[in-house]
Amino acid sequence: MPVAPENRALSPYTGWTREHWERSADRLLLAVRPHASPGLGLINLPGARPSWSGPRSDGLEGYARTWLLAAFRVAGAGGEDPHGHLERYADGLASGTRHPLPSGALDAASPDAWPQPTQVPQAVVESASVALGLRLTRPWLWDGLDDRVRQRAVDWLLPTLGPSPVDNNWWLFGLTVAGFLQDAGIETDRAAATIERALERIDQWYLGDGWYSDGPNRSFDHYNAWALHFYPVLHAHLAGDQDLLARYGPRLHDQLDAHSRLFGADGAPMPYGRSLTYRFAAAAAPWLGTLTGHTPLSPGATRRLASGTLKYFLDRPAGEGATDTAGLLTLGWHGPYPPVIQHYSGPASPYWAAKGYLGLLLPPEHPAWTAVEEPLPAETEDATRTLGPPGLLIQSTAADGLVRLHNHGSNNHVGGGKEEDPCYARFAYSTRTGPTSQGVPDNHFGLLSQGASTTRGPAVPLGHGPGWAASLSEPRPGPPGVRIVSVTLAHGRAEVRAHLVVGAVPGTPVRQTGWAVTPGHTAQLHPVHGYAGEPCQLAAGSTLFGHGSQVRALHGATGTAPSLFVALASLTAEPEPAPAHTLAGIEVTGHTVAVSWPDGTTCTLVLDPAGPAVRMDEGG
């Protein structure tokens with residue numbers, strides 16, 4: 001979707017300017033118009049499968065999420081609306097709330113009616129986008145509506161002020177509705193109580209360093225940045241509530257220090273977690289930090305990150321990027337990709353990418369639009385960053401702009417009888433490789449039985465430090481009492497992967513797999529200790545980044561005591577990279593692993609099966 005001439009003087013990394021943002025927003029909005037219902041209350045986008053909430057709910061989702069995009073576009077232009085977005089969405093608000101339906105089912109007699117939030121939980125989600133859009137455009141839309149339409153809209157929104165039907169970031173949807181009602185002077189006491197209740201709930205999940213768990217469990221992914229921070233901080237900003245902003249703004253600042261490191265030099269966000277189809281929603285948090293003054297990023301670095309992400313998805317040949325040949329966002333990553341789509345997602349779900357357009361609220365003269373772009377952290381130097389609360393380790397290399405994420409603590413969608421989710425359960429993810437969705441799992445260590453591997457099971461963090469993170473897991477389905485202590489140690493592009501298997505029957509086969517790569521990248525996997533022979537190459541099936549991925553694998557077997565397995569791995573886009581065995585010197589004695597890096601630094605890793613525990617001793 002090339003939409004405007006590039007400006008390489010202002011934007012030396014992306015070439016994109018505010019004009020690209022405005023024009024791409026308009027194109028996305030114009031593309032959905034042919035799919036509006038007769039009274040514009042629903043936007044029924046084409047798709048092979050509806051969400052589990054049904055087609056009527058999906059139509060509301062199409063209205064609400066594109067409405068949020070229209071609100072950012074018009075509010076950011078000070079009310080100027082040459083494409084008539086506001087009039088269309090005002091008409092849709094009137095028709096959608098005229099005779100709301102009790103369910104998400106289609107009804108030919110009411111082709112525009114919205115489902116009730118009391119009957120269809122997904123309507124609670126969409127109410128937040130409806131309300132936020134009304135709040136942002138209030139002077140130009142809400143204040144001019146007929147009183148009867150306003151009352152119908154209020155009647156539809158009010159049920160969302162009750163307790164959340166889902167105990168996670170959903171609490172913030174009621175907060176967002178309450179913020180609008182409070183702003184408009186409607187049910188202000190009830191709205192204030194809703195805001196207080198929602199904030200009290202998410203505060204219980206705040207673990208420090210900018211990280212919330214998305215509910216009462218160890219659930220960490222990109223929702224932290226553009227959901228758990230997005231709604232309370234934006235509400236505080238719009239309400240002018242300096243006390244709330246002083247409370248939640250510094251948390252956003254801390255989150256952005258990590259979040260900004262999860263983008264590759266090509267603009268790709270880290271494909272880790274659920275709802276990956278929201279794509280450039282990942283840019284919302286950096287914009288919000290700049291909007292509120294709570295960010296570690298300079299204005300030029302903020303725009304470089306955000307524009308890089310938007311361009312990554314939109315500046316591709318039709319049908320190969322985020323949009324299809326009709327200009328509609330698809331359920332996927334690069335084009336449609338059903339394997340990573342959740343049951344709650346329908347044809348309009350990708351339009352929550354609209355959150356990434358938050359930066360349009362910054363005026364054109366703001367430094368975020370006028371400063372020269374600056375490089376991302378992944379472009380400046382090789383780096384590792386350990387994130388304590390979620391048990392994650394970020395590793396980036398400047399030579400190829402690649403970012404890798406090593407997971408030793410996030411359990412969302414793992415356990416509780418659910419099938420293991422590849423978007424959470426892998427030991428590692430990167431901005432250039434997607435998790436395999438079928439066949440051989442990438443970046444996995446497990447026990448083998450009749451050729452099939454155990455899944456990882458929930459990961460319990462064991463410790464972390466500069467350049468390393470460790471966890472404990474119980475393979476599933478596996479023999480009772482079997483535990484695996486796992487450690488990743490990263491330096492440059494090298495990864496030391498160590499696993500101590502405790503309680504397994506002697507002779508139990510094990511397998512370690514590496515990165516799932518497509519042409520243009522090199523994945524290396526070198527046996528150091530416990531494995532028999534050199535790695536074999538396995539077909540890994542499809543990933544977010546294409547079909548025909550290949551995965552290297554190492555095989556071994558447990559001994560009569562706790563068995564240690566150590567490998568050196570690497571993922572790089574460098575041409576003709578040096579062999580993996582040259583990346584580190586490693587000596588293994590018992591359960592102790594001594595590592596010497598080429599730059600002269602050393603460290604000693606001790607895996608203790610009694611605890612189990614991990615200790616790291618560093619040298620220089």
Side-chain angles (χ1 to χ4, degrees), residues 262-273 276-277 279-280 282 308-309 311-324 330-341 378-379 395-407 421-444 453 493-495 497 511-526 534-554 567-580:
L262 292 172
F263 294 77
D266 58 357
M270 183 66 64
Y272 167 64
L276 296 179
T277 194
R279 296 179 173 104
F280 44 86
T309 299
K311 182 177 182 178
Y312 176 78
F313 288 111
L314 295 186
D315 191 21
R316 292 175 180 268
E320 296 181 17
T323 58
D324 62 16
T330 60
L331 281 163
W333 191 255
H334 296 312
Y337 190 66
V340 295
I341 304 304
E379 297 172 296
Q395 174 191 16
S396 61
T397 44
D400 52 12
L402 256 165
V403 182
R404 308 144 191 88
L405 181 68
H406 303 281
N407 173 24
D421 190 330
C423 293
Y424 286 96
R426 302 292 191 253
F427 277 95
Y429 299 84
S430 88
T431 53
R432 305 278 181 89
T433 63
T436 54
S437 55
Q438 300 166 341
V440 178
D442 60 312
N443 292 321
H444 178 71
S453 176
R493 66 176 174 92
E495 310 158 34
R497 300 181 177 187
R511 183 178 67 191
Q512 167 77 70
T513 60
W515 296 94
V517 293
T518 49
H521 301 86
T522 300
Q524 298 172 330
L525 190 61
H526 175 68
E534 291 300 309
C536 59
Q537 195 88 339
L538 302 175
S542 65
T543 73
L544 288 173
F545 294 81
H547 300 282
S549 296
Q550 298 289 315
V551 170
R552 286 177 173 265
L554 293 170
L568 260 172
S570 168
L571 172 69
T572 182
E574 296 180 37
E576 300 182 1

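One-based numbering along the sequence shown.
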Practice problem: Mind running side chain to side chain contact (heavy atoms under 4.5 Å, CB included) on N407 and Y272 for me, showing each step along the way? | Solution: CA-CA 10 Å; N407 173 24; Y272 167 64; 3.8 Å; yes
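- Of the options S430, P435, S549, P422, a side-chain contact (heavy atoms from CB on, under 4.5 Å) to D442 is made by P435 and by none of the others.
- When all heavy atoms of H334 and L544 are compared, the closest pair comes out as CD2-O, 4.1 Å.
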Exercise. Evaluate the side chain to side chain contact (heavy atoms under 4.5 Å, CB included) criterion for residues F280 and Y312: first the C-alpha distance (whole Å), next the side-chain angles of each, then the deciding distance (0.1 Å), finally the verdict.
Key: CA-CA 9 Å; F280 44 86; Y312 176 78; over 6 Å; no
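- In this structure, a donor-acceptor pair under 3.5 Å is absent between the side chains of T433 and H521.
- Of the possible donor and acceptor atoms, none in the side chain of R552 sits under 3.5 Å from a partner among the backbone N and O of W515.
- Expressed to the nearest 0.5 Å, how far CD of E495 lies from NE2 of H406 amounts to 4.0 Å.
- Side-chain contact between V440 and R511: present, with at least one pair of heavy atoms (C-beta onward) separated by less than 4.5 Å.
- Proximity of a side-chain donor or acceptor of E574 to a complementary backbone N or O of T522 within less than 3.5 Å is not detected.
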Quiz item: side chain to side chain contact (heavy atoms under 4.5 Å, CB included) between R493 and L402: does it pass, once the steps are laid out?
Solution: CA-CA 9 Å; R493 66 176 174 92; L402 256 165; over 6 Å; no
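- A 4.5 Å side-chain heavy-atom check between C423 and P271 finds every atom pair outside the cut-off.
- The closest side-chain donor-acceptor pair between R404 and S570, if any, does not fall under 3.5 angstrom.
- Panel note: side chain T397, backbone A399; no donor-acceptor pair is recorded below 3.5 Å.
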Exercise. Determine, step by step, whether R279 and T309 satisfy the side chain to side chain contact (heavy atoms under 4.5 Å, CB included) criterion, reporting the C-alpha distance in whole Å, the side-chain angles of both residues, the deciding distance to 0.1 Å, and the verdict.
Key: CA-CA 8 Å; R279 296 179 173 104; T309 299; over 6 Å; no
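- In this structure, T431 and F263 have side chains that are not in contact, with every pair of non-hydrogen atoms separated by 4.5 Å or more.
- Rounded to the nearest 0.5 angstrom, F313 CZ and T330 OG1 are separated by 10.0 Å.
- At a cut-off of 3.5 Å, with distance as the only test, no side-chain donor of R432 or T518 sits close to an acceptor on the other residue.
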